[in-house]
Amino acid sequence: MSELITALQLSDPDAAYHRLVDAHRGLSEEQSADLNARLVLLLTNHVGDLAVLDQAIELAKAERGS
């Protein structure tokens, strides 16, 4: 079973953050939600490991207090 990597992997996290913010600039709330959904699906496919996806879901749920 693979493990979710939670340690920082980005060489420039600020640039990554700004790219994500910029991608949403000018979008409606619905368009922004659609973009997020497509990003999640694309990145999930890139990861390609359901065990890692399960770990990420659980961590994301815990982070938001669910």
Euclidean distance, Asp49 CG relative to Thr44 OG1, rounded to 0.5 Å: 11.0 Å
Nearest heavy atoms of Ala51 and Ser2, plus distance in Å: CB-O, 4.4 Å
Distance in Å, Asp12 CG paired with His18 NE2, rounded so as to fall on 0.5 Å steps: 8.5 Å
Pairs involving residues 31-42, ordered by first then second residue, that meet side-chain hydrogen bond (donor to acceptor under 3.5 Å, both in side chains) (sequence neighbours left out): His24-Ser32, His24-Asn36, Ser28-Gln31
Leu4: hydrophobic cluster co-members (side-chain, 4.5 Å): Val47, Val52, Leu59
Short side-chain to backbone donor-acceptor contact, Gln55 and Ile5, under 3.5 Å: no
Enclosure of Leu50 CG (heavy-atom neighbours >12, cutoff 6.0 Å): no
ILVMFWY network linking Leu43 to Leu53, side-chain heavy atoms under 4.5 angstrom: no
Results of salt bridge (Lys or Arg N to Asp or Glu O under 4.0 Å) for Arg25 - residues two or more places apart only: Asp22
